[in-house]
There are 2 protein chains.
Amino acid sequence: MSRAKRNTNRPARPDIHAVARLARVSIATVSRTINHVATVDPRLAQRVWKAIDTLGYSPNTQARALVSGRSHLLGLIISEITNPFFPELIQGFEDAAVENGYEILISSTNYDPQRMELCIQRMLERKVDGVAVMTFGIEGPLLERLAQRDIPLVFVDVAPKGPLFSTIEVDYYHGIREAVQHLAVLGHRRIGFISGPLHLHSARERQSAFLRAMGEAGLKLTPAWLLEGTHTLEGGIAMMQRLLDSGEAPTAIMTSNDMTAIGVLHSLHKAGARVPDDFSVIGFDDVTIAQFTLPPLTSVQMSRLELARCAVLALRDRLEPQPVSYVPRYKVQTRLTVRQSAGLPATRPFRRANG
Amino acid sequence: MSRAKRNTNRPARPDIHAVARLARVSIATVSRTINHVATVDPRLAQRVWKAIDTLGYSPNTQARALVSGRSHLLGLIISEITNPFFPELIQGFEDAAVENGYEILISSTNYDPQRMELCIQRMLERKVDGVAVMTFGIEGPLLERLAQRDIPLVFVDVAPKGPLFSTIEVDYYHGIREAVQHLAVLGHRRIGFISGPLHLHSARERQSAFLRAMGEAGLKLTPAWLLEGTHTLEGGIAMMQRLLDSGEAPTAIMTSNDMTAIGVLHSLHKAGARVPDDFSVIGFDDVTIAQFTLPPLTSVQMSRLELARCAVLALRDRLEPQPVSYVPRYKVQTRLTVRQSAGLPATRPFRRANG
DNA sequence: GTTTGCTGCGCAAACGTTTCCCATATGCTG
DNA sequence: CAGCATATGGGAAACGTTTGCGCAGCAAAC
């Protein structure tokens, strides 16, 4: 009486044997049917599927993983989930993963390399099939150690060598060029740029894309208007302050990410300047909250959904043999999203309201 | 040559047998040592731990889960990850889970009850040990069906009956009372409230907390100033518009969540009103972006970290036998976070700038 | 010196799959 | 019609753990 099984009042979750019994086949056939092995007789397969349906059977993932060595679990490592950049990325990653029959494990590093190692550790213990490292600031030595693990990894921007690694390239230039052109068409000639921390690969890429776009538009950059920010609100506030304090300010400011742009908005608000009447501002990333700022922020969009989809794809390509004809190329575009923070240049230079 | 094992150049991940061999004990003893079974001789245990250390062994989670029936996986179901309310919740949940030796599986329902069922389905297939349902709008019939599953569940606000269910209560009143008092002290007598969709339990709770707090502060509510919003930016914009259009508007507006409050800010900005000079605004939730609005939003904070911690605790209490003396009580507080969107009431009624 | 009781270790049976290998049935060729 | 190649299903061995059960070994009691 004490042991289970006796309790037939609550039907136990059926296992593969129950299905086999009902379909009058062996468990091997059931397994083959489920895994769509081609050699199984269609009539038997139909019997099996019917049995599966009537019993409401679903295979035990643990057992499956144990014997096959494939967990169908994908790891996703991000910097910081409260950074508005990442939720959309996660969303896309989840969708794409589930679409491909995978489940995901998320971890955030909070920009701490040590925590990153712990994350990878935990994921390896859970036997993930592959990991997407979507934190943008990844350092050399850590990358080296990651290379030891014999597990597929995918990165953004950085391209470590190794047969198990993939890289997703971002075409920063396309969208940034659109933004510069947009400002140029509106009549701006004096454009400033607040970059991210330049030790980050992605920040350098964005800045050089900006410089190139300026050149192509025939605009000359004033060196004093090229400042290094921190990809944070505070950095944006501080750098805009500096621009205002210097005698001559640009009429338009582009930034390396949206948080910086929001900082710029704050700085300008405090100084009594109006956007876009006195200054035009264009951000980068087009995070969700860019729609909610005052005024709604014009920003260069980098599609997180696309990025996530690429990441899942890259991992899948490593995990499931693809036809030789298939030559993957993981690249995501950037595009300008026009809202209301950029307009015609002010006809007369802004004078700070005396306070 | 073809099969693995031969490749001793890359050391295979050691299993429990390797540890047993090195420590000169049986695998049973290794297992017992790892699981801190009391009956194992300390000297043997030490040998085992040493062997584990030198080999860098970590047990295979799949095999463990298969035989023990416990996956040490916790499910977390949320409404929508791009809603700024949830990332912090996830962060807290992850931290608390890892702290207790669990890993987490996240899914978002996008407010679709059908998708919610799929989420639960997927999680059951992964054999999660318990699920936290942190979506605020959960409906009756769905709840019924959830009750069928014999797996611990934890909810917010709603309290389904069942031996496997837990509920986390939120003390909405505390923080909302603080907000009303704050306004009252500043001198506001005319306070409006934009609620959430009233079919949501949590929205009703917040509204009634507001009404009670108004009563206790000796303030009379003008019925026309009690409006039903949608917990979205658009709802906030529309309802604030209505308040402005009606002849007489309140001097302060409280809302049922921060998105609504941000909508109010937009509406006021468009009408040319200044915050807090012309109107005071107080939100609810204190999401991260409340710090970034113009002006930074005063808001009633409900700690997502605390909420998440409670959820993990509630699940753990169901999963691991607790001493009888332990009587759990899952309750989270709310508190006012003062920023800059509430100030003294305007001395003269706001007149919309003619446009 | 024999019995009893207890402690703590090892043996081996699960857990629910996948997959290798072999047996059988079937079709085809000569 | 015999013989062989080929398709297809079943038996059973893995996968790496946990855990029930039995059995040594030892101390205490008679």
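Proteins come first, then strands; the chains are lettered A, B, ... in the order of their sequence lines, and each starts at number 1.
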Closest to side chain of [X], choosing from [options]:
| X | options | result |
| --- | --- | --- |
| R64(A) | dT18(C), dG16(C), dT17(D) | dT18(C) |
| A28(B) | dT8(D), dG16(D), dA12(C) | dA12(C) |
| R32(B) | dG10(D), dT18(D), dT19(D) | dT19(D) |
| D15(B) | dG16(D), dC11(C), dG11(D) | dG16(D) |

[X] [atom1] to [N] [atom2], straight-line distance once rounded to whole Å:
| X | N | atom1 | atom2 | answer |
| --- | --- | --- | --- | --- |
| I27(A) | dG11(D) | CD1 | P | 9 Å |
| I34(B) | dT17(D) | CD1 | C1' | 9 Å |
| R70(B) | dT17(D) | CZ | C1' | 15 Å |
| E125(B) | dT17(C) | CD | P | 11 Å |
| H17(A) | dG11(D) | NE2 | P | 10 Å |
| D41(A) | dA25(C) | CG | C1' | 12 Å |
| N60(A) | dT17(D) | CG | P | 17 Å |
| Q62(B) | dC15(C) | CD | C1' | 13 Å |

Worksheet item: Hey, is D95(A) close enough to R115(B) for a salt bridge, meaning N to O under 4.0 Å?
Response: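 Result for this pair is yes, salt bridge flagged.
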Fill in: Presence of salt bridge, E99(A) and R309(A), under 4.0 angstrom
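Judged by the 4.0 Å cut-off on N to carboxylate O distance, R309(A) and E99(A) do form a salt bridge.
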Quick check on [N]: is either OP1 or OP2 less than 4.0 Å from any side-chain nitrogen or oxygen of [X]?
| X | N | answer |
| --- | --- | --- |
| S26(B) | dG10(C) | yes |
| T29(B) | dG10(C) | yes |
| N35(B) | dT18(D) | yes |

Worksheet item: Is the H72(A) ring parallel, tilted or perpendicular to the Y102(A) ring (thresholds 30°, 60°)?
Response: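 Aromatic pair H72(A)/Y102(A) classed parallel.
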Worksheet item: Are the side chain of D15(A) and the backbone of A18(A) linked by a donor-acceptor contact shorter than 3.5 Å?
Response: yes
Practice prompt. Assign S31(A) to base, sugar-phosphate, or nothing according to its heavy-atom contacts below 4.0 angstrom with the strands shown.
Written response: base
Discussion item. At 4.0 Å (heavy atoms only), tell me whether L44(A) reaches a base, stays on the sugar-phosphate, or touches nothing.
Written reply: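 Sugar-phosphate, backbone atoms only, no base.
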Worksheet item: Between V25(B) and L66(B), which is nearer to the 5' end of DNA chain C once each is assigned its nearest nucleotide?
Response: V25(B)
Worksheet, complete the sentence: Taking every heavy atom of I151(A) against every heavy atom of V128(A), the minimum-distance pair comes out as CD1-O, 3.4 Å
